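As the structure lists them, so they are numbered: ligands from 1, and atoms in each ligand from 1. All values derive from a computational prediction rather than experimental measurement.
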Amino acid sequence: MKLGIIGLPGSGRSTVFAALTGARGEESDKGQRKDQRIGTVRVMDDRVDFLSRMYQPKKTTYAQVEYLLPSEGLVGSSSQTEGALWNQVRICDALIRVLRHFRSIGGTEPTPEADFWALEEEMTLNDLMVVEKRLERIELDKKRGKGPENDEESLLLACRTLLENNQPIRLDSELSTSPVLKGFTLLSAKPQLVIINNEDDDESMLEWQQKPEGLEIMVVRGRLEMDIAAMAPEEAREFFAEYNINDAALDRVIQSSYKILNQISFFTVGEDEVKAWTIHQGTPALEAAGEIHTDIQKGFIRAEVLAYDDLQKCGSFKDAKKAGLVRLEGKEYMVRDGDIIHFRFNI
Ligand SMILES: Nc1nc2c(ncn2[C@@H]2O[C@H](COP(=O)(O)OP(=O)(O)OP(=O)(O)O)[C@@H](O)[C@H]2O)c(=O)[nH]1
Ligand SMILES: [Mg+2]
């Protein structure tokens, strides 16, 4: 799961990136560009901890989330934002938008709502350009006698209508999830999480005049959380108490990321490894098997499934089996959040 952090210059993108990756993130150098930063963060999960205590495996693997911070001062540099600037976040599954809700060092009052709509417009304009370019191409092909092969054209026309009205594609779930359109990596089709970046002593949610639809919105005190993320756990706890923070921004953002992307976790367990896997809600067992290894998918026989809660109740896999709670499921079975799965396969 990869999320790109965007916002206007000075909104606190670097600060939020540090808040999200500071405590238990690892920075990788996998970026496409030198000046881009990618941080990988472990997803804390009590269930994985529990399973790890139960199985005492050689290795415990938590799920991971990746945050991408595009090159500084690029995305959202207002007037001359070119396609290339946005291209950095095209590969992301979702976007995190940071809105400045603190007085800048220069003393400028925050204008988070105006900032939001400014970037929203850039995003839809950018998508409109992509869509129109493709439509022109299709026209040209038609003149040469090459008809459109699928419903691409009608889908693009529907996109264009939305975008021309300054509407993001994500408002139309058919368009935003269409496999035909996937390759265009339209920005406004991506799920989004809006972070209102508040002053250290301000916990309040922004009061919108015109609240955007279909988005997750949360308040984060970016600088405060960045500072806390750099502290030793003991000291961090004191600050959490003092500033009335229940969950670190990092964990709240991860939770929202799973939500906006419709992601769930299933687990594999054993003496060698206890591991959390992240999949899309509604993934059939056969596909989930493929996440682990193509051989397991190819040779799939059955999935032996136990719900995490049932394991917790029974105390062991064996007892859960005796109680008849371990189910044998076929290829089509929709994996549920918290399933512990043994795949039976034959190659
Ligand atoms: N008071 C306050 N200041 C903040 C907060 N977040 C960021 N800042 C300050 O705002 C300034 C800009 O923050 P950055 O994180 O560098 O913002 P950015 O979006 O990465 O900026 P550029 O990359 O320069 O466009 C810095 O001086 C931060 O210390 C916050 O939550 N509260
Ligand atoms: Mg920055």
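Set against the non-hydrogen atoms of Ile105, the atoms of ligand 1 under 4.0 Å away are 27 (O). Taking every heavy atom of Pro9 and a limit of under 4.0 angstrom, the matching atoms of ligand 1 come to 25 (O). Applying the 4.0 Å criterion to heavy atoms of Gly222 picks out, from ligand 1, the atoms 31 (O). Each of the atoms 30 (C), 31 (O), 32 (N) of ligand 1 lies under 4.0 Å from some heavy atom of Asn198.
The shortest N/O to N/O separation between Arg103 and ligand 1 does not fall below 3.5 Å. In terms of polar-atom proximity, Arg13 is counted as a contact of ligand 1, with an N or O under 3.5 Å from an N or O of the ligand.
Between Phe50 and the choices Tyr308, Tyr55, Phe267, the ring-ring contact (aromatic ring centres under 6.0 Å, His included) rule is met once, by Tyr308.
Atom CD of Glu207 has 12 or fewer neighbouring heavy atoms from other residues, nucleotides or ligands inside a 6.0 Å radius. Counting heavy-atom neighbours within 6.0 Å of Lys142 NZ, excluding the residue itself, gives a total above 12.
Ligand 1 lies within reach of Ser11, whose nearest heavy atom is under 4.0 Å from it.
Side-chain contact between Asp49 and Met44 is absent, with no heavy atoms from C-beta onward closer than 4.5 Å.
Heavy-atom proximity to atom 12 (C) of ligand 1, evaluated over Ala18, Ser104, Gly10, is greatest for Gly10.
The Mg ion (ligand 2) lies at 2.8 Å or more from every N, O or S atom belonging to Thr15.
Taking the ring axis of Phe300 as reference, the NZ or CZ atom of Arg344 does not stay both within 45° of it and closer than 6.0 Å to the ring centre.
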Practice prompt. List the steps, then state whether side chain to side chain contact (heavy atoms under 4.5 Å, CB included) holds for Glu152 with Leu156.
Written response: CA-CA 6 Å; Glu152 184 187 355; Leu156 285 169; 3.7 Å; yes
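Between Trp277 and Phe266, the ring planes are parallel. Angles under 30° get that label, and only those over 60° would be called perpendicular.
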